[in-house]
Amino acid sequence: MDEVDDQYTPGDVESAVETYWDDADAYEATKEAHADDPAFFFVDGPPYTSGQMHLGTAWNKTLKDAVIRHKRMTGHRVTDRPGYDMHGLPIEVKVEEELGFESKRDIEEYGMEAFIDECKRFAEENREAMDEDFQSIGVWMDWDDPYETISPEYMEAAWWAFQRVDERGLVEQGKRSVNYCPRCQTAIAANEVEYDEITSPSIYVKFPLREKEGSLVIWTTTPWTIPANTFVAVDGEMTYQAVRAEKGGEEEVLYVAEPCVEDVLKKGRYEDYEVVDEFSGEELVGWTYDNPLGPHLNEVADFEGAGEVYTADYVEADRTGLVHSAPGHGQEDFARGEELGLDVYVPVDGRGEFTADAGDYAGTFVRDANDDIIADLDESGALLASGEHDHRYGHCWRCDTDIIFLATDQWFITVTDIKDELLENIEETEWYPQWARDNRFRDFVSDAPDWNISRQRYWGIPLPIWQADDGEWIVVGTREELAERVDQDVDPDEIDLHRPSVDPLTITEDGKTYERVPDVFDVWIDSSVATWGTIDYPSETDAHDELWPADWIVEAHDQTRGWFWSQLGMGTAAVGQAPYEEVMMHGFVNDEDGRKMSKSLGNIVTPEEAIDRAGRDPLRAYLLSHDQQGVDLSFEWNGLGEMQSTLNIFWNVFRFPLPYMELDGYDPADADLDDGDLTVVDEWVLSRLQTVEAEAADAWENYEVSDALNAVLDFLTEDVSRFYVKAIRERMWEEEDSASKRGAYATLSTVLEETIRLLAPFTPYLAERMYQHLDGSATTVHALSYPEPDETLRNEELERNMAVLRDVEEAAANARQQGGRKLRWPVQRVVVASDDDEVADAVESLADLLAERVNARAIDVVGEFDELLERANPEMGVIGPAFGADAQKVMEAVQGKTRAEVESGIEVDGETYDLDDEMISYEAEPPAHISGADFEGGTVYVDTELTDEIEAEGYARDVIRRIQEMRKQLDLDVDSVIDTAVDVADDRIAEFVDRHRDVVAEETRTREFTTGDVGSEDEWALVEEWEVEDVRVTIGVGPVDA
RNA sequence: GGGCCAAUAGCUCAGUCAGGUUGAGCGCUCGGCUGAUAACCGGGAGGUCCGCGGUUCAAAUCCGCGUUGGCCCA
């Protein structure tokens, strides 16, 4: 890996470095180097093992990697165990698909154990692929030993935590109306429900009153919930009207909220109506009615309090103003039913099919019964109207089946009991960005309902709950405890905690037998204990005692509701505190239009493609150069290409001094700033380096990772490449050893070596490649320390002055361009006019450097440039009225005259006019041969007037340039010697070149320099004809044999 | 339907917390430099700072109402 390519080729750099890291055990050496440093407990948010790395996960892991590398370089022993989330419904669903299953019945037939083995195989295969993906972008984590949520130690961490929660009395069993996926046949968490637009039935139904004439009218989009109807809700404050409505010669009485009467009657196609009575909602309370499907059902909700009207705050003056309520199916209905002390009636089983209670509909999947129910309602005359309704409705995130609400037996962590504690614990954490905590997160936590943690599935951590017939339960916390308490023989070191092995175990205590609750944990429980699980607590305790809680975690903003929350909930419920101290939140990668990448839009860019096209370091730097705190990234190929170009500039800066140092036998690893003379540019660039190091340190401090990266990259392109390298080029070309050259070598070596370390966390391959070439005394650059500013090298005044010089230089280039004089040709003088003393002082202090850079014989600094000429500009608004028909001629005569000329009178057609002051305005302009350009602190004037001497030097420079070009074409070594002949077609110009023949010869390493006829082409290795300022110049070049 | 975030040059983004002449890179174009050379530098063109309203001497920035996109919730 020692040959330095002319071109920065990321692929070559990266594969060479990868091999080197493997051979040198660089990762291990890095950890070893920081083994005794203070701890930094990072916890990896475990990616789910059902997919592969995409740009979002690549960003996530790259950011983690950069921070870990930086923490190591600033002296920390970093916990870097990567993790994988390997349980859960998504994997079950994928395996079911592979095996062609349609329901839980297929799984039971296939065998639970075999199915779980398949899930495990699936998760592990994916995990291995993801291991490789993450390593392919240079992520240095402990890939030999990732934590897996399926390991016995990890599962035990969840059991242990859950036992703590139970001890605090925060575990509750109960019927709740939950989101239920009828295909997966399990409750799913609210955040596992996705919403989409669907079309549902929309029916208006008459519930006949028992003790009065007429019917209550309700509206619903779920006809299948009518068999479970338990009460009708009204708004106590609203006015309801009894309406006698007429259709087809028949009359009936309908009860509807007053604002809805007209709409309802129109829907029912009534021909006429009359309001016969009015009630407040309160007055309706207690009225009784019959379920209109009664004759079709074996059972209706007819227990104490059912079939009556109640108030509820979820009623609105929408549709009918009366709400059909079924606590067995609706969450609000459930909550209100509970308040009212009503039983929960559910004529639906776990497969989503009606039970025998539902009579005619028994055995039918609920939604499939909709049509029959509507038909039956219609037949009995209870259907007032029927149509369709488009609305957003939830479906299962994994299998897309529309969810139903079902009151089922579930287990909960009652986080609503510890709301205050949760909110207090949020205050203890620092978030980057802070608004994520104070707005998003706090809102979410405030609104969080009790956490349903039970799933009626297979591939997960089994609930460690054993329950007796009387409802009492025991929660087991560890494998050890399990072995001690269960009736069967269990080896705690051998047992696999997965189902079905734990299912048959029983506990007998105090004469009662407890059986295991067959559910598994919600998969969010798994990752919620990652801070314990990653250090194998409770089976190992040392690391936990030292490290816990986590110092820092980082994930994308979707995890506010996910991992950030689940960890806070579990940490607070189990041990009373948040398991992390600092949280960083990054964004998502969208496409270039800011749209989500998706298969259906066909706009997915894979990390592999990005690496193929640009490289790993460029991809990493590209991802890390954008805001890392809460904001999304619009991925764009051009941007990635730009980053590659930027790194290429770094590459060029890196390799630029190498040939010279090699010629001189200079070893950059031994660079010493005390050896050789430092010029003002050396001092300046070293000062800038310290400033950039301070900026980077500040940025890292606040996890402003992109600011740290961009500060260094800007320094490299703006200061080092654009300015410093240009400034020291001539010193590098000096053939003899010199103090000045050694100063430049030492400075550039220092800048490179420290910049490499500054960039190491971002572009680890490139940094390693450069470090190994320049120095290589350490096994790896990543084991070194991060550069810190040395205040003795910092000179803020010099930095300010140089900033002024650069402004002036830019303006001078502008003025030159206006004056048509290229930089290669010297100018007599450059005048800097400024009324700002600081600017003047800055320019004067750096006058020599400025003269060199703008190629001027002299630099003059003045307060005001007194050679300007004022040119007249006619004010036609005044001249027009004053001179009438002659105004046009006056204008032409005045235009561009000097003040003196105007004041001595303007002559038009032989007549002289005196003009008033207000007729003319003046603009100050430089005289001929001088062009000016403004900069922030004043104006720069460049005097481009030619003299023989300037012309002679200009042509000589042009000839030198051509000869150098030809040396390059001949691919000659930098130090090889040539013979040169130059034939200039114009005698005057030929003489100019001849004046500088010694300079030309020296600059081009020419031994024998001849002017005049070049002679036969055969005598030269290369003969070229050039046009220099319209003069033909023929040049012959031939290497001198050594 | 609700909460949060974003919208600035053709493109990607700074600037918004702390109100005071909108900036960079890329791209385009013209020019320059060059033994870093398939690199590099400068000039120019290019903006209703998403829209509307408000506060203020002054708004990209603060406030309100919308639009579009992203995340989350219902």
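Within every chain, numbering begins at 1; the chains are lettered A, B, ... in the order of the sequence lines, protein sequences first and strands thereafter. Side chains are part of it too, since the values below use all heavy atoms of this structure and drop only hydrogens, waters and symmetry mates. Just so you know, these numbers come straight off a predicted model, no measurement behind them.
Across the protein-nucleic acid pair, A/L55 atom CG and B/G70 atom C1' stand 16 Å apart, rounded to whole Å. At whole-Å resolution of the value, CG in A/N638 and P in B/C13 are 12 Å apart. Atom P of nucleotide B/G27 and atom CD of A/Q644 are separated by 13 Å, given to the nearest angstrom. Rounded to a whole Å, the CD atom of A/Q629 is 16 Å from the C1' atom of B/C4. Rounded to an integer number of Å, the gap from CH2 of A/W435 to P of B/A6 is 7 Å. The separation between A/D707 atom CG and B/A24 atom C1' is 14 Å, rounded to whole Å. The interatomic distance linking A/H586 (NE2) with B/C71 (C1') rounds to 13 Å, in whole Å. Between the P atom of B/G10 and the CD atom of A/E636 lies a distance of 14 Å, rounded to the nearest Å.
Rounded to whole Å, the separation between the P atoms of B/C57 and B/C30 comes to 50 Å. B/C71 sits 49 Å from B/C33 when the C1' atoms are compared, rounded to a whole Å. B/A74 and B/U68 have their P atoms separated by 24 Å, with the value rounded to a whole Å. For B/G19 and B/G10, the P atoms lie 29 Å apart once the distance is rounded to whole Å. Across the C1' atoms, B/A9 and B/G44 are found 14 Å apart, a figure rounded to whole Å. For the P atoms, the distance linking B/A6 with B/A18 amounts to 15 Å, nearest Å. If you take atom P in B/C49 and the same atom in B/A7, they sit 14 Å apart, rounded to whole Å. For the P atom pair drawn from B/U22 and B/U16, the interatomic distance equals 15 Å after rounding to whole Å.
The shortest heavy-atom contact between A/V705 and A/M584 is CG2-CE, 4.3 Å. Between A/S566 and A/S528, the shortest heavy-atom distance links the atoms O-CB, 3.3 Å. Closest heavy-atom contact between A/W563 and A/S527: NE1-O, 2.8 Å.
Of the candidate nucleotides B/G69, B/G25, B/C13, B/G25 has the atom nearest to the side chain of A/E642. Proximity note for A/N652 (side chain, C-beta onward) versus B/C5, B/A39, B/C13: the nearest is B/A39. Taking the side chain of A/A813 as heavy atoms from C-beta on, and the options B/G42, B/G3, B/C71, the nearest nucleotide is B/G42. Between B/G70, B/C71, B/A14, one nucleotide has an atom nearer to the side chain of A/D558 than all others, and that is B/C71. Minimum atom distance to the side chain of A/K726 is reached by B/C41, of the listed B/G25, B/C41, B/C71. For A/N439, counting side-chain heavy atoms from C-beta on, the closest listed nucleotide (B/C4, B/C33, B/C71) is B/C4. When distances are taken from the side chain of A/E810 to each of B/C71, B/G42, B/A36, the shortest belongs to B/G42. For A/N648, the listed nucleotide lying nearest its side chain is B/A39; candidates were B/C26, B/G70, B/A39. Closest to the side chain of A/Y660, out of B/C13, B/C33, B/A36, is B/A36. The listed nucleotides are B/A36, B/A14, B/C41; the one nearest the side chain of A/R722 is B/C41.
Side-chain contact of A/S200 with A/T221: a donor-acceptor pair under 3.5 Å is absent, judged by distance alone. Side-chain contact annotation: A/Y314 with A/S325, donor-acceptor N/O pair under 3.5 Å present.
Between the side chain of A/R437 and the backbone N or O of A/T429 there is at least one donor-acceptor pair closer than 3.5 Å. Between the A/Y622 side chain and the A/Q644 main chain, no donor and acceptor come within less than 3.5 Å of each other.
Under 4.0 angstrom from either OP1 or OP2 of B/C71 there lies at least one side-chain N or O belonging to A/K596. Regarding contacts with the backbone of B/C33, a side-chain N or O of A/R824 is found under 4.0 angstrom from either OP1 or OP2. Under 4.0 angstrom from either OP1 or OP2 of B/A39 there lies no side-chain N or O belonging to A/Y8. Contact between the side-chain N/O atoms of A/R729 and the OP1/OP2 oxygens of B/A36 is found at a separation under 4.0 Å.
Between the side chain of A/R440 and the base of B/C71 there is at least one donor-acceptor pair of N/O atoms closer than 3.5 Å. Judged by atom type and distance alone, A/S721 reaches the base of B/A36 through a side-chain donor-acceptor pair under 3.5 Å.
Between A/L972 and A/D443, the one whose closest nucleotide on RNA chain B sits nearer the 5' end is A/D443. Taking for each of A/H626 and A/Q559 the nucleotide of RNA chain B with the nearest heavy atom, the 5'-most of the two is the partner of A/H626.
A salt bridge links A/D958 and A/K822; the closest N-O separation between the charged side-chain nitrogens and carboxylate oxygens is under 4.0 Å.
In this structure, B/C13 forms a base pair with B/G23, meeting either the Watson-Crick or the G-U wobble geometry with both donor-acceptor distances under 3.5 Å. Figure legend. B/A38 is base-paired to no nucleotide; pairs are counted as Watson-Crick or G-U wobble with both atom distances under 3.5 Å. Nucleotide B/U29: paired with B/G43 (Watson-Crick or G-U wobble, both distances less than 3.5 Å). Of the nucleotides present, B/C5 is the one that pairs with B/G69 by Watson-Crick or G-U wobble criteria, both distances under 3.5 Å. B/G53 is paired with B/C63 under the Watson-Crick or G-U wobble criterion, all donor-acceptor distances under 3.5 Å.
Using a 4.0 Å heavy-atom cutoff across all strands shown, A/V631 reaches no nucleic acid atom at all. Among the heavy atoms of the strands, none lies under 4.0 Å from A/D714. Backbone-only engagement by A/S634 is indicated by non-hydrogen atom pairs under 4.0 Å involving sugar-phosphate atoms exclusively. Within the 4.0 angstrom heavy-atom criterion, only backbone atoms of the sugar-phosphate kind lie near A/G594; the bases stay farther away. If you check every strand for non-hydrogen atoms under 4.0 Å, A/E592 touches sugar and phosphate atoms only.
Looking only at side-chain heavy atoms (C-beta outward), A/F935 and A/E810 stay at 4.5 Å or farther from each other.
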